[in-house]
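First the structure, in the form of structure tokens, and then the observations on it.
Convention: sequence-line order gives letters A, B, ...; per-chain numbering from 1.
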There are 2 protein chains.
Amino acid sequence: MQIAPAELEIMNVLWDQPGIGAAEIAEVLASDKNWNIRTIKTMLGRLVEKGALETEAEGRRYLYRPLVKRGDYRRKEARQFVDRMFGGRAAPLVAHLADGKGLSADDIAELEALLGDLKK
Amino acid sequence: MQIAPAELEIMNVLWDQPGIGAAEIAEVLASDKNWNIRTIKTMLGRLVEKGALETEAEGRRYLYRPLVKRGDYRRKEARQFVDRMFGGRAAPLVAHLADGKGLSADDIAELEALLGDLKK
DNA sequence: AATTATCGATTACATTCGTAATCAAAAGAG
DNA sequence: CTCTTTTGATTACGAATGTAATCGATAATT
């Protein structure tokens, strides 16, 4: 299943707060994005259609809940991205992030711990 | 500048072998993709239009050469991806790759070396 | 020289995406 | 009870994408 970038913004809100309605989503996004509530509703419709969200009627409105797990989706996308951009090799990706200052000292420490775990 | 996934396949060929023509690109891609030569030419045209490629006339045909450096493009895309999917944190991305067996033992070794360098 | 193959340029066309507007129904305001 | 607001559903519409076909010019073949 394909989730477009703008749709992902919606998913992110719902992964953080499952079970809210369109209006609440609009509120959460209002600070970052300048989206019309209609735009948000269009994307909610498409996400439901795609099977990424389920709805629960609450009175006259819907509450939305992700059907796709955030971790699963991230994993899939990460792999796809690494395949597309780096021929499937993850190390060059990290190298690029590092090179472009995409890694903070904390990130580096975190990665070291992670690698330590992986070796076991 | 925006390079679509299918276009990226073309760019990858040209990053490996700059200065070849449409027919040669088709040959290289023939093993993986099942693209009509016309499709390849369409994408070449779009890439030139976007400023991702330059052409050099050789007789009646063009030779194509990237104007964008692979490293630069990768860096930009890597950052964009991490921002979109992981809120800008690179460590979780690596964690996901690792978790999904996206990292080979070699990758892990490579990353360790990389992190060693970064700490200095 | 006539025919065919090939080249880049232009055009096509369905699908997805971003960004809404419109519409019918229902709920709330007065 | 009538008017306004709000909701989901349907429709809109241009840009980008994937996937070519057509066209006019030229090069290669016979």
All side chain to side chain donor-acceptor pair (under 3.5 Å) counterparts of A/Arg61, not counting sequence neighbours: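 Testing A/Arg61 for side chain to side chain donor-acceptor pair (under 3.5 Å), a comparison that skips the adjacent residues, returns A/Glu24, A/Glu58.
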
Please identify each residue that fulfils side chain to side chain donor-acceptor pair (under 3.5 Å) with B/Glu56, with sequence neighbours left out.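 With sequence neighbours excluded, B/Glu56 shows a side chain to side chain donor-acceptor pair (under 3.5 Å) to B/Arg65, given in chain and number order.
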
Which residue pairs pass the ring pair (Phe, Tyr, Trp, His ring centres under 6.0 Å) test when at least one of the two sits in residues 44-74 of chain A, sequence neighbours left out?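 Every pair satisfying ring pair (Phe, Tyr, Trp, His ring centres under 6.0 Å) with a residue in residues 44-74 of chain A: there are none.
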
Qualifying ring pair (Phe, Tyr, Trp, His ring centres under 6.0 Å) pairs with a residue from residues 24-46 of chain B, counting only residues at least two apart or across chains: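 Every candidate ring pair (Phe, Tyr, Trp, His ring centres under 6.0 Å) pair involving residues 24-46 of chain B fails, so no pair, neighbours aside, qualifies.
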
Can you give each donor-acceptor pair under 3.5 Å made by side-chain atoms of residues 9-21 of chain B, sequence neighbours left out, with the distance rounded to 0.1 Å?
{"from": "B/Asn12", "atom 1": "OD1", "to": "B/Arg70", "atom 2": "NH2", "distance (Å)": "3.2"}
{"from": "B/Asn12", "atom 1": "ND2", "to": "B/Leu8", "atom 2": "O", "distance (Å)": "3.3"}
{"from": "B/Trp15", "atom 1": "NE1", "to": "B/Val68", "atom 2": "O", "distance (Å)": "2.8"}
{"from": "B/Asp16", "atom 1": "OD1", "to": "B/Arg70", "atom 2": "NH1", "distance (Å)": "3.0"}

Would you say B/Tyr64 places a side-chain N or O within less than 4.0 Å of OP1 or OP2 belonging to C/dC7?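 So the side-chain polar atoms of B/Tyr64 never come under 4.0 Å of the phosphate oxygens OP1 or OP2 of C/dC7.
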
OP1 or OP2 of C/dC7 under 4.0 Å from side-chain N/O of B/Lys41: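 It does, given that an N or O in the side chain of B/Lys41 lies less than 4.0 Å from OP1 or OP2 of C/dC7.
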
With sequence neighbours left out, write down each residue that passes salt bridge (charged side-chain N to carboxylate O under 4.0 Å, His left out) with B/Asp72, or none if nothing qualifies.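 Salt bridge (charged side-chain N to carboxylate O under 4.0 Å, His left out) check on B/Asp72 returns B/Arg75.
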
Just to verify, what does A/Glu77 make a salt bridge (charged side-chain N to carboxylate O under 4.0 Å, His left out) with, not counting sequence neighbours?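 In terms of salt bridge (charged side-chain N to carboxylate O under 4.0 Å, His left out), with neighbours along the sequence ignored, A/Glu77 is linked to no residue.
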
[X] has an atom [atom1]; how far is it from atom [atom2] of [N], in whole Å?
X: A/Glu56; N: D/dT7; atom1: CD; atom2: P; value: 17 Å
X: A/Ile37; N: D/dT7; atom1: CD1; atom2: P; value: 7 Å
X: B/Glu58; N: D/dA27; atom1: CD; atom2: C1'; value: 14 Å
X: A/Leu44; N: C/dG18; atom1: CG; atom2: C1'; value: 14 Å
X: B/Ile40; N: C/dG8; atom1: CD1; atom2: P; value: 12 Å
X: A/Ile10; N: C/dC17; atom1: CD1; atom2: P; value: 14 Å
X: A/Leu47; N: C/dT16; atom1: CG; atom2: C1'; value: 13 Å

Considering only heavy atoms, which members of residues 22-29 of chain A lie under 4.0 Å from some atom of DNA chain C?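 Listed by number, there are none.
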
Just wondering, more than 12 heavy atoms not from A/Asn34 lying within 6.0 Å of its CG?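 Check fails, neighbour count at 12 or below.
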
If a protein heavy atom is under 4.0 Å from the base, mark B; if only from the sugar-phosphate, S; if neither, -; do that for nucleotides 25-30 of chain C going 5' to 3'. BBS---

Once each nucleotide of nucleotides 12-22 of chain D is scored for protein heavy atoms under 4.0 Å, what B/S/- sequence comes out, 5' to 3'? B----BBBBBB

Could you check B/Ile25 against B/Leu44 for side chain to side chain contact (heavy atoms under 4.5 Å, CB included), going step by step and ending with a plain yes or no? CA-CA 10 Å; B/Ile25 295 172; B/Leu44 284 169; 3.9 Å; yes

Can you name the residues that form a ring pair (Phe, Tyr, Trp, His ring centres under 6.0 Å) with B/Phe86, not counting sequence neighbours?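 B/His96.
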
Sort and list the pairs that fulfil salt bridge (Lys or Arg N to Asp or Glu O under 4.0 Å) and have at least one residue in residues 40-53 of chain B, not counting sequence neighbours.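 Listed by first then second residue: B/Glu7-B/Lys50.
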
